[in-house]
Amino acid sequence: MLSSSQILRRFCCSSAVAGSSPSPSLSTAQKKRLVFLGSPQVSASVLDSLFSASSAPDSLFEIAAIVTQPPSGRDRGRKVLPSPVAQRALDYGFPSNLIFTPLKAGEESFISCFQALEPELCVTAAYGNILPTKFLKIPSMGTVNIHPSLLPLYRGAAPVQRALQDGVRETGVSLAFTVRQLDAGPVIACEKVEIDDQIKAPDLLQLLFGQGTKLLISELPSIFDGSAKSKALPQDESRTTLAPKIAPEESWLSFDQKALVLHNKVRAFAGWPGTRAKVSVLDPKSGDHSNTIELKIITTRVYESSEIPSGEADDVFFRKGSLIFPCGGGTALEVLELQLPGKKVVNAASFWNGLRGQKLKKL
């Protein structure tokens, strides 16, 4: 049976794009051997910057290999495709036999290949796999991670989502050495970012990884000469907060909660898993509940008017282009954009017009 890395190589060989982009074989022996680990689209943007920096005449490093998640079924057809990072590397003409996709970073066959590369530094950005001790011992200069929070705040798998869910107005990105304990290594540098109350998780992820990439590029010389290790600051464990992985069942909205809580959840869970609500469609003539529909809530804001429209407690109203959902504590949530299953995203006015006089009740 082929290993996952062998499967990727065979897959990549059939889809590699020829080009004149950076290749490890073109690098001089003096350059440091850097291995990049990442998987989603935000990681591909980091890889872009590393390719650009490595091709500069005075570059201190070469990209010796790339490690990413295995090919998976994506899109509606569930076609098996390489990760965004793997695809980006292929687009650059990076050798497909140097793109590794272990199911777990501790696989013996992968560790053996990885050790043979003699990497000096590893850089991780949303890789998506836990790195075991036997992996971390291999790169002579260590492993550095771009983490989209101000460590030790929001350690874990979903720092951006959990920060938005908490309604923070200040967040940031940290560049830290990787240790066995999750996101607990010494911090080389960090940058604070002020955010508004409308930004959604995908946009904030892109912003923070963009800032983190700039931090990484500026700090690489100190990492390579060893001074970063002496200046890196240990984290204050007493300030640690966690950002656990999001479960799909968390996507449901409960209108017993206050509107601000729900608005922050919509922003936090934008992209995946999204936020959902069930409503009942009522025929006002007969009074019958014709059917129950599931809505994906896309864009919201807190209803600022001091007066909630009068009606029954579960009634959903339409005011000035928004659906108004009464919420806990006498608050209300404005829904500006939404989506029915299998349909395109529409604004609230288009959805309301499609009801043709029928009424909505929240469930």
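One-based numbering along the sequence shown.
Residue Glu219 is tested with Lys231, Lys214, Lys229 for a salt bridge (charged side-chain N to carboxylate O under 4.0 Å, His left out); the sole match is Lys231. Screening Glu334, His263, Gln198 against Arg301 for a side-chain hydrogen bond (donor to acceptor under 3.5 Å, both in side chains) leaves a single residue, Glu334. Exactly one of Leu204, Ile146, Val160 qualifies for a side-chain contact (heavy atoms from CB on, under 4.5 Å) with Phe209. That residue is Ile146.
At least one donor-acceptor pair closer than 3.5 Å links the side chain of Arg267 to the backbone N or O of Asp197. Put simply, the side chain of Ser54 never gets that close to the backbone of Phe61: no donor and acceptor are under 3.5 Å apart. Between the side chain of Ser43 and the main chain of Ala125, a donor-acceptor pair closer than 3.5 Å is present. Within the 3.5 Å criterion, the main-chain N or O of Ala56 finds no donor-acceptor partner in the side chain of Ser59. Looking only at distances, no side-chain donor or acceptor of Asp166 sits under 3.5 Å from a matching main-chain atom of Val168. In this structure a side-chain-to-backbone donor-acceptor pair under 3.5 Å is present from Thr331 to Ala259. Between the side chain of Asp203 and the backbone N or O of Ile199 there is no donor-acceptor pair closer than 3.5 Å. Under the 3.5 Å distance criterion, the side-chain polar atoms of Arg239 are left unmatched by any main-chain donor or acceptor of Pro152.
A salt bridge is absent between Glu294 and Lys343: the closest approach of a Lys/Arg side-chain nitrogen to an acidic carboxylate oxygen does not fall below 4.0 angstrom. A salt bridge links Lys134 with Glu108: the closest approach of a Lys/Arg side-chain nitrogen to an acidic carboxylate oxygen falls below 4.0 angstrom. By the 4.0 Å N-to-carboxylate-O rule, Glu250 lies too far from Lys245 to be salt-bridged with it. Salt bridge annotation for Arg33-Glu62: present, with a cationic side-chain nitrogen under 4.0 angstrom from a carboxylate oxygen. Here Asp315 does not pair with Lys359 in a salt bridge; the nearest charged N to carboxylate O distance is not below 4.0 Å. Checked for salt-bridge contact, Lys296 and Glu337 miss the test: no charged N lies under 4.0 Å from a carboxylate O.
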>> Let's go through Ser83 and Thr68 carefully: what are the C-alpha distance in whole Å and the side-chain angles of both, what is the deciding distance for side chain to side chain donor-acceptor pair (under 3.5 Å) to 0.1 Å, and is it a yes or a no?
In response: CA-CA 7 Å; Ser83 75; Thr68 187; 2.6 Å; yes
>> Is there a side chain to side chain donor-acceptor pair (under 3.5 Å) between Gln235 and Arg155? Walk through the geometry before answering.
In response: CA-CA 11 Å; Gln235 296 183 37; Arg155 291 179 181 173; 2.9 Å; yes
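Residues Thr124 and Thr143 form a side-chain contact, since some pair of their non-hydrogen atoms from C-beta on lies under 4.5 Å apart. Within the 4.5 Å cutoff, the side chain of Leu121 has heavy atoms near those of the Val144 side chain. Put simply, the side chain of Leu253 reaches to within 4.5 Å of the side chain of Lys265, judged on heavy atoms. Contact of the Cys327 side chain with the Lys258 side chain is not registered, since no non-hydrogen atoms from C-beta on lie closer than 4.5 Å. Side-chain contact between Thr300 and Phe325 is absent, with no heavy-atom pair separated by less than 4.5 Å. Side-chain atoms of Gln69 and Thr101, non-hydrogen and from C-beta on, never get closer than 4.5 Å to each other.
Summarising the geometry of Val85 relative to Pro40, their closest heavy-atom pair is CG2-O, 3.9 Å, with the distance given to 0.1 Å. Heavy-atom minimum distance, Phe317 versus Pro326: CE1-CG, 4.4 Å. What you find for Val67 and Pro102 is that their closest heavy atoms are CG1-CD, 3.9 Å.
With rounding to the nearest 0.5 angstrom, the OG atom of Ser251 is 3.5 Å from the CZ atom of Arg276. Taking CG from Leu60 and CG from Asp58, the interatomic distance works out to 7.0 Å, rounded to the nearest 0.5 Å. Taken from OG in Ser96 to CG in Leu90, the straight-line distance is 7.0 Å, to the nearest 0.5 Å. The OG1 atom of Thr240 sits 8.0 Å away from the CG atom of Leu153 when rounded to the nearest 0.5 Å.
Among residues at least two apart or in separate chains, there is no ring-ring contact (aromatic ring centres under 6.0 Å, His included) pair with a member in residues 156-201. For residues 119-168, the ring-ring contact (aromatic ring centres under 6.0 Å, His included) pairs, not counting sequence neighbours, are Phe114-Phe135.
Phe318 and Val316 fall within the same hydrophobic cluster, where Ile, Leu, Val, Met, Phe, Trp and Tyr residues are linked whenever their side-chain heavy atoms come under 4.5 Å apart, directly or through other members. Note on Leu207 and Leu216: same hydrophobic cluster, where clusters join Ile, Leu, Val, Met, Phe, Trp and Tyr whose side-chain heavy atoms are under 4.5 Å apart, directly or indirectly. Grouping the Ile, Leu, Val, Met, Phe, Trp and Tyr side chains by contacts below 4.5 angstrom, directly or via other members, places Trp272 apart from Ile297. Note on Ile298: it does not cluster hydrophobically with Ile324, by side-chain heavy-atom contacts below 4.5 Å among ILVMFWY residues. Hydrophobic clustering, with ILVMFWY side chains joined whenever heavy atoms are under 4.5 angstrom apart, keeps Ile130 apart from Leu103.
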For a quick test of your reading: what N or O donor-acceptor pairs under 3.5 Å do the side chains of residues 178-188 make, sequence neighbours left out?
{"residue": "Asp183", "atom": "OD2", "partner": "Gly156", "partner atom": "N", "Å": "2.8"}

